[in-house]
2 protein chains.
Amino acid sequence: MAGRSDREQDRPRDPAAGLALLWGEQGRPTRGPKPRLSPQRIAAAAAELADAEGLDAVSMSRVAGGFGVSAMALYRYVPGKTELVALMVESVLAEAPDLSRVPEGDWRAAVREWTRCCARVYADHPWLLGATAMRRQLMGPCQLSWLDAALAALEPTGLGAAQRHQVFLLLIGLVRNLAQQLGDHDEEGSEEWDRLSAELLARHADRFPALARAVAEGAFEPDGTDALAFGLDRILDGVEALMTGRE
Amino acid sequence: MAGRSDREQDRPRDPAAGLALLWGEQGRPTRGPKPRLSPQRIAAAAAELADAEGLDAVSMSRVAGGFGVSAMALYRYVPGKTELVALMVESVLAEAPDLSRVPEGDWRAAVREWTRCCARVYADHPWLLGATAMRRQLMGPCQLSWLDAALAALEPTGLGAAQRHQVFLLLIGLVRNLAQQLGDHDEEGSEEWDRLSAELLARHADRFPALARAVAEGAFEPDGTDALAFGLDRILDGVEALMTGRE
DNA sequence: TGGATGTGCTTACGGTATATACAGTTGTCT
DNA sequence: AGACAACTGTATATACCGTAAGCACATCCA
């Protein structure tokens with residue numbers, strides 16, 4: 001109940017060290033006793049813990065406890081918790097998006113597939129949203145390869161590099177917002193929360209006419225439509241309009 | 001350096017009490033001494049502190065210290081920190097979007113104006129992103145009035161309620177992602193971070209061909225183009241395509 | 001005036017990240 | 001072989017955090 005965990009927005013005190021760790025550019029020592037752990041194993045265990053109990057459950061103590069060692073032992077492998085979270089993100093993003101199945105040159109299909117893969121990762125690891133909500137994130141190779149894949153998928157559009165980047169931002173924004181929506185919905189006590197909100201809204205319906213109309217029309221009922229597909233189609237249509245309209 | 005702050009994803013132990021507080025539906029007592037503080041004043045002070053030093057600086061001690069009282073004194077007005085953050089959000093969202101200037105019926109202008117207002121709030125209060133990154137957020141009247149304004153702006157499109165809601169999600173996603181990008185950029189030590197990243201990317205350029213090409217084209221240079229306007233136009237075009245294509 | 005009620009404070013607990021100093025282990029070099 | 005340096009893991013300590021519980025006092029109603 002007490003002592004919530006971190007927000008990770010403090011910058012690591014030594015960005016270079018953190019990046020070197022993420023990129024696996026650390027000289028491995030030969031002198032002392034064999035290390036029993038490794039940054040990757042620690043990150044994997046932490047990610048597993050986060051999958052099971054949420055990001056808040058990931059504390060140095062808990063993670064270390066899983067290995068039967070003390071909390072301070074982890075600091076031999078990881079500069080600090082900021083870097084540990086970055087490693088967790090990398091470990092989850094290791095499975096690069098598989099865009100081999102899409103037909104050559106069909107950029108819509110490629111972008112669609114990339115977005116779906118991305119959304120699946122966020123769905124499988126709900127803590128990813130919070131872990132990447134930090135400022136000035138340390139970006140590792142896996143994260144960059146996702147970015148690379150998206151930019152590659154967008155190259156057939158003929159858009160400029162800056163615009164490809166902008167579209168990427170749109171896509172990742174869509175995925176992340178949807179992830180937040182989904183994470184909100186399937187939590188315990190959801191029905192009571194919905195009931196409270198509905199009652200409040202009904203009591204103040206006059207203050208929110210457009211919202212009340214939307215609710216009456218069932219805008220917030222969990223219908224079968226795929227929200228991801230909808231947003232994706234809007235973005236793709238917008239990109240298409242840009243292509244045909246100006247080039 | 002130690003003791004980072006919370007992530008607010010723990011649910012308040014009593015959602016009903018939190019909501020009542022947000023909606024100002026608490027019976028005011030007459031018996032005891034006049035309260036020297038109020039939830040709103042506390043939230044305003046906390047928001048000011050967050051504006052100046054970031055969300056991490058907002059602790060019960062710090063906020064209470066600003067009033068010259070002890071930390072525990074705040075718990076007479078606010079159930080816990082989760083609710084305090086929700087109140088902070090409400091206080092910042094109190095200035096509802098001003099859509100009176102847009103010409104009647106021009107839904108594109110209205111949506112554009114709403115998005116710009118929203119983006120300005122996020123720019124003025126960078127901590128808003130982190131404060132609303134929680135799950136199952138307590139939604140107060142101010143937040144709902146923003147939602148209402150967006151839905152109202154979308155009504156002239158003739159889209160269904162569910163689709164209006166989806167477009168709203170797209171818009172807020174755009175704003176939030178841009179806020180994260182902007183927050184990333186104007187931090188101290190940004191140039192060193194950029195240098196490190198560029199060097200790493202150059203060293204592994206073969207692993208990220210599309211990314212390398214984009215960098216070479218200057219995709220990540222801070223050019224003068226308005227990223228918000230770009231994403232907004234993509235979304236608006238996508239919506240327009242949906243309107244004309246299917247109805 | 002008395003009692004009820006609410007305010008503000010003090011103390012304390014269990015949690016967090018992590019700095020520092022130390023003990024034990026292991027490889028390399030003389 | 002023996003010395004030494006490097007490395008691992010632990011124990012201790014600091015400085016925070018949110019907050020539960022209880023106490024002393026102020027204020028209003030009867």
Side-chain angles (χ1 to χ4, degrees), chain A residues 1-14 17-18 26-39 41-42 46 49 53-86 134, chain B residues 1-14 17-18 26-39 41-42 46 49-50 53-86 88 134:
Chain A
M1 191 61 61
R4 292 94 165 284
S5 99
D6 48 338
R7 158 134 289 139
E8 342 299 350
Q9 78 189 21
D10 356 10
R11 200 186 326 293
R13 72 204 102 274
D14 185 357
Q26 50 204 338
R28 60 202 59 200
T30 64
R31 266 310 242 288
K34 305 282 186 204
R36 295 202 289 211
L37 274 44
S38 77
R41 282 188 62 199
I42 293 174
L49 180 57
E53 301 187 40
L55 192 55
D56 273 7
V58 177
S59 73
M60 297 305 247
S61 300
R62 285 291 302 271
V63 176
F67 288 107
V69 300
S70 88
M72 291 311 293
L74 300 188
Y75 285 87
R76 293 288 172 193
Y77 303 92
V78 170
K81 191 169 177 186
T82 306
E83 290 81 0
L84 173 57
V85 174
M134 51 173 124
Chain B
M1 192 64 60
R4 292 94 165 284
S5 99
D6 48 339
R7 158 132 290 138
E8 341 297 352
Q9 75 190 21
D10 357 10
R11 200 184 324 292
R13 74 204 100 276
D14 186 356
Q26 51 205 337
R28 60 202 60 201
T30 64
R31 264 314 239 286
K34 306 279 186 202
R36 295 204 289 209
L37 273 44
S38 75
R41 282 188 62 199
I42 294 173
L49 180 57
E53 302 186 40
L55 193 55
D56 273 8
V58 177
S59 72
M60 298 306 255
S61 299
R62 287 290 301 271
V63 176
F67 289 107
V69 302
S70 86
M72 290 311 293
L74 301 188
Y75 284 87
R76 293 285 176 197
Y77 302 92
V78 171
K81 191 171 177 187
T82 306
E83 290 80 0
L84 172 58
V85 174
M88 290 169 62
M134 51 172 124

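Since the structure is predicted, the reported quantities are computational estimates derived from the model, not experimental observations. Every chain is numbered from 1, with letters handed out A, B, ... down the list of sequences.
We find that CE of M60(B) is positioned 11 Å from C1' of dC17(D), with the value rounded to whole Å. Summarising the geometry, the separation between CD1 on I42(B) and C1' on dG8(C) is reported as 12 Å, rounded to the nearest angstrom. Distance L37(B) CG to dA26(D) P: 18 Å, rounded to the nearest Å. When the C1' atom of dA17(C) is taken as reference, atom CG of D56(A) falls 14 Å away, rounded to whole Å.
We find the CE-CE distance between M60(A) and M72(A) to be 8.0 Å, quoted to the nearest 0.5 Å.
Contact between A71(A) and A64(A) at its shortest, heavy atoms only, is CA-CB, 3.6 Å. Residue R62(B) comes nearest to E53(B) through the heavy atom pair NH2-OE2, 2.7 Å, listed as atom of the first residue, atom of the second, then distance. When all heavy atoms of K81(A) and V58(A) are compared, the closest pair comes out as NZ-O, 2.6 Å. Heavy atoms only, all atoms of each residue included: M88(B) and A50(B) are closest at CE-CB, 3.8 Å. Shortest non-hydrogen contact noted between A46(B) and L84(B) is CB-CD1, 4.3 Å.
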Between the protein and nucleotides 10-12 of chain D, which nitrogen or oxygen pairs are less than 3.5 angstrom apart?
from, atom 1, to, atom 2, distance (Å)
dT10(D), OP2, S70(A), N, 2.9

Distances under 3.5 Å between nitrogen or oxygen atoms of protein and nucleotides 27-29 of chain C:
from, atom 1, to, atom 2, distance (Å)
dG27(C), O4', R31(A), O, 2.7

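Candidate nucleotides dT7(C), dG9(D), dT19(D) were compared by shortest atom distance to the side chain of Y77(A), and dG9(D) ranks first.
By the side chain to side chain donor-acceptor pair (under 3.5 Å) test, R36(B) pairs with no residue at all, sequence neighbours left out.
With hydrogens and angles ignored, the 3.5 Å screen pairs no side-chain donor or acceptor of Y77(A) with any backbone N or O of I42(A).
Nucleic acid contact for F67(B): none, since no nucleic acid atom lies under 4.0 Å from a heavy atom of the residue.
At the phosphate of dG8(C), neither OP1 nor OP2 sits under 4.0 Å from any side-chain N or O atom of Y75(B).
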